[in-house]
Asks: 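This is the structure I have questions about; it appears just below.
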There are 2 protein chains.
Amino acid sequence: MDPHLLRTYVAVARLASFSDAARELGYTQSAVSQHVAALEADLGLPLLTRRPVAPTPAGERLLEHAGALLLRLDAARADLDRFAAAPRATLNVAASPLALHPRTLAALPATGVTLRALPRDRVPAAVATGDADAGLVDGIAAPSDPLRLPDIAPLAATRVAEEPLAVVLPATHPLAGRTGVRLDDLVDARWLDAPAAGVPLGELRAVHGGPAGRGFRTALRYEGTDTRTLAALAADGHGLALLPLPAAGGVPGAAAVPLVAPRLVHRTELLLAAGARREAAGPVAEFSRRLRS
Amino acid sequence: MDPHLLRTYVAVARLASFSDAARELGYTQSAVSQHVAALEADLGLPLLTRRPVAPTPAGERLLEHAGALLLRLDAARADLDRFAAAPRATLNVAASPLALHPRTLAALPATGVTLRALPRDRVPAAVATGDADAGLVDGIAAPSDPLRLPDIAPLAATRVAEEPLAVVLPATHPLAGRTGVRLDDLVDARWLDAPAAGVPLGELRAVHGGPAGRGFRTALRYEGTDTRTLAALAADGHGLALLPLPAAGGVPGAAAVPLVAPRLVHRTELLLAAGARREAAGPVAEFSRRLRS
DNA sequence: CACCGGGCATCACGAATGCTTATGCCCGGC
DNA sequence: GCCGGGCATAAGCATTCGTGATGCCCGGTG
């Protein structure tokens with residue numbers, strides 16, 4: 001199971017074509033065909049159906065493994081490269097949208113910053129592979145609990161901020177006047193599914209477990225990143241939204257009610273490649289220091 | 001960064017000798033030397049000092065990555081092999097010592113079982129690499145929270161049992177009469193460090209975070225797996241122990257006081273390779289069903 | 001101080017692997 | 001029924017990889 005073979009296989013599966021994969025990888029079609037054949041012979045299993053080209057069940061499974069493996073391989077290479085490379089003067093930050101609040105923005109150096117907004121689950125990978133020098137991720141967790149992040153590579157995570165969570169609902173909603181709301185009170189509600197702008201509802205099940213977390217029914221899916229829009233959608237009755245309290249207020253027609261049970265917070269963490277910690281100087285260290293203080 | 005090269009490098013680093021590694025791997029010393037040289041050339045960094053043979057800082061870092069990579073590679077191969085292999089009639093269970101309580105033992109089939117006790121952190125790897133068909137791990141977590149396990153490979157974890165935690169202290173201890181104790185009340189205490197027999201204190205920091213979890217001072221380290229011995233040590237004043245409540249009682253001279261804050265439980269989970277789930281029959285499915293019911 | 005021996009590096013050669021070009025085969029469209 | 005796109009297979013050639021032999025460095029020893 002040579003990584004080269006895996007890389008080829010992943011490309012073929014993604015493009016659903018041997019020839020296209022060959023073009024993308026700079027091989028001939030013949031080589032790609034031989035790569036896949038070698039993998040199938042090695043594992044003793046067919047991995048792809050031909051005509052149409054699609055992964056078999058075993059192939060699906062291999063895709064999961066291969067993705068993680070190749071990512072980790074890239075991460076390892078990037079990490080080791082950092083040992084050799086001269087320290088740079090620029091700072092490359094990858095952040096999930098909700099991780100960018102006043103506190104984190106204020107810590108950015110005045111010059112030489114590239115800031116990239118990414119989906120939550122791609123931030124750790126960006127830091128691990130060296131695409132970013134530092135990452136900012138947000139998510140929900142029990143108070144002072146760390147976030148649950150995939151361990152692509154050894155990453156150092158440090159707490160940057162924690163804020164209470166609020167449920168955003170229309171001002172006319174029966175619960176709008178409350179000073180706090182329990183998730184159990186809302187089991188039958190419809191929610192807004194907003195992976196980029198909102199707090200990830202899916203994480204609730206993972207973090208909180210238990211009966212309260214299961215079965216969020218979603219009414220509308222919003223793929224943008226703007227929390228005001230999300231709150232406005234909630235005000236309009238398209239469904240409830242879960243947001244950090246500071247981001248939930250000030251939208252006309254919407255009421256933000258703090259979530260009191262389960263006791264969860266919106267948390268932002270700084271992500272650094274664990275190896276990069278040792279550097280005491282440089283823009284990364286500077287950024288990290290300002291976030292910590 | 002060919003896995004073969006990594007495997008060789010890891011062996012050299014572990015044995016601190018090129019020649020020994022060559023013998024172990026069935027290569028010549030010359031090949032091993034070339035492998036390491038190829039890696040160093042590829043990364044542009046020295047990985048090992050010669051005479052004595054020891055990893056450089058960069059080499060240390062590579063060891064971490066290589067270990068995880070090779071483990072994941074083995075896991076992938078084992079997982080795919082399960083697709084091809086005929087279902088077997090025997091059941092191979094890997095379990096951490098505290099995961100073996102009456103409830104889990106009762107679920108074992110009457111015949112054809114191999115039960116292996118392993119350190120907590122090696123159970124997921126055993127399941128992922130196919131060394132075991134199923135795993136039982138224990139640890140501490142917030143109620144109904146899943147355990148935090150390393151994700152070597154996609155493993156399916158299901159709750160098997162949860163019990164309250166108890167602090168074991170000498171019957172003469174001032175807190176011995178209490179009906180419940182807070183961890184904060186014990187910040188200055190000395191603890192027994194018993195990674196195999198007790199609940200892992202180190203996890204407290206990870207699970208609970210916050211100030212209460214940091215800085216456990218340990219008085220004595222016990223490397224055995226017997227909880228009675230651990231409780232007896234606690235009774236003798238060698239330090240406090242943290243155990244599941246059912247395992248903590250009935251030792252003369254020792255008092256078991258339930259831990260009431262932070263709200264944590266001792267949890268046991270069943271670990272299966274995610275791919276093996278689909279089988280509806282066979283000893284693995286049977287075991288899983290009996291544990292779930 | 002010179003000798004000796006263990007252990008890693010280097011060199012040269014033969015075998016095996018991997019990629020390319022060329023060709024064959026299968027299936028779907030016209 | 002013919003044509004064409006796309007994957008499989010065959011043969012040839014370049015590269016890579018592992019071996020055996022040799023060289024070099026260092027530490028121990030009389």
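Here the structure is a predicted model, which is why all the values come from computation and not from measurement. Each chain gets a letter, A, B and so on, in the order its sequence line appears, and its residues count up from 1.
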Asks: Taking the side chain as every heavy atom from C-beta outward, state whether B/Leu62 and B/Leu6 have any pair of such atoms under 4.5 Å apart.
Replies: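 In short, these two side chains touch, coming nearer than 4.5 Å.
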Asks: Tell me whether B/Glu24 is salt-bridged to B/Arg14, with the criterion being a basic N under 4.0 Å from an acidic carboxylate O.
Replies: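 A salt bridge is present here (some side-chain N lies under 4.0 Å from a carboxylate O).
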Asks: Please list all pairs meeting salt bridge (charged side-chain N to carboxylate O under 4.0 Å, His left out) that have one or both residues in residues 112-129 of chain A, counting only residues at least two apart or in different chains.
Replies: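 Qualifying pairs, neighbours excluded: A/Arg120-A/Asp138.
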Asks: Considering residues at least two apart in sequence or located in another chain, which fulfil the ring pair (Phe, Tyr, Trp, His ring centres under 6.0 Å) criterion with B/Tyr27?
Replies: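 So B/Tyr27 forms a ring pair (Phe, Tyr, Trp, His ring centres under 6.0 Å) with B/His35.
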Asks: Residues of residues 36-47 of chain B with any non-hydrogen atom less than 4.0 angstrom from an atom of DNA chain D: list those, numerically ordered, please.
Replies: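 Going residue by residue through residues 36-47 of chain B, none turns out to have a heavy atom under 4.0 Å of DNA chain D.
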Asks: Pick out the pairs of N or O atoms, protein on one side and nucleotides 23-30 of chain C on the other, that lie under 3.5 Å.
Replies:
none

Asks: Using a 3.5 Å distance criterion without hydrogens, assess whether the side chain of B/Asp133 forms a donor-acceptor pair with backbone atoms of B/Asn92.
Replies: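 At least one qualifying donor-acceptor pair exists.
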Asks: Taking the side chain as every heavy atom from C-beta outward, state whether A/Pro154 and B/Arg61 have any atom pair closer than 4.5 Å.
Replies: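 Yes - at least one pair of side-chain heavy atoms lies under 4.5 Å apart.
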Asks: Write down the atom of B/Ala94, the atom of B/Ala126, and the distance for their closest heavy-atom approach.
Replies: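 For B/Ala94 and B/Ala126, the tightest heavy-atom pair comes out as CB-CB, 4.1 Å.
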Asks: Just to be sure I understand the rule, does A/Val32 reach a base, reach only the sugar-phosphate, or reach nothing, if contact means heavy atoms closer than 4.0 Å?
Replies: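 Since no nucleic acid heavy atom lies under 4.0 Å of A/Val32, the category is nothing.
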Asks: Show me the protein contacts with nucleotides 11-18 of chain C, counting only N or O atoms at under 3.5 Å.
Replies:
none

Asks: For the residue pair B/His65 and B/Met1, establish whether any side-chain heavy-atom pair is separated by less than 4.5 Å.
Replies: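 No; the side chains remain at least 4.5 Å from each other.
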Asks: Kindly state which residues belonging to residues 10-27 of chain B come within less than 4.0 angstrom of DNA chain C, counting heavy atoms of the residue only, listed by number.
Replies: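 When residues 10-27 of chain B is checked for heavy atoms under 4.0 Å from DNA chain C, the hits, listed by number, are B/Ser17, B/Phe18, B/Ser19.
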Asks: Give a yes or no on whether the backbone of B/Leu98 and the side-chain of B/Ser96 come within a donor-acceptor separation of less than 3.5 Å.
Replies: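 Judged by distance alone, no pair lies under 3.5 Å.
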Asks: Does the side chain of B/Leu272 come within less than 4.5 Å of B/Leu155's, by heavy atoms?
Replies: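 No, side chains not in contact.
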Asks: Can you tell me if A/Ser288 uses its side chain to pair, donor with acceptor, with the backbone of A/Val284 under 3.5 Å?
Replies: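 Answer holds: no.
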Asks: Does a donor on one side chain sit under 3.5 Å from an acceptor on the other, for A/Ser19 and A/Arg23?
Replies: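 There is no such pair (donor and acceptor under 3.5 Å, judged by atom type) between the side chains of A/Ser19 and A/Arg23.
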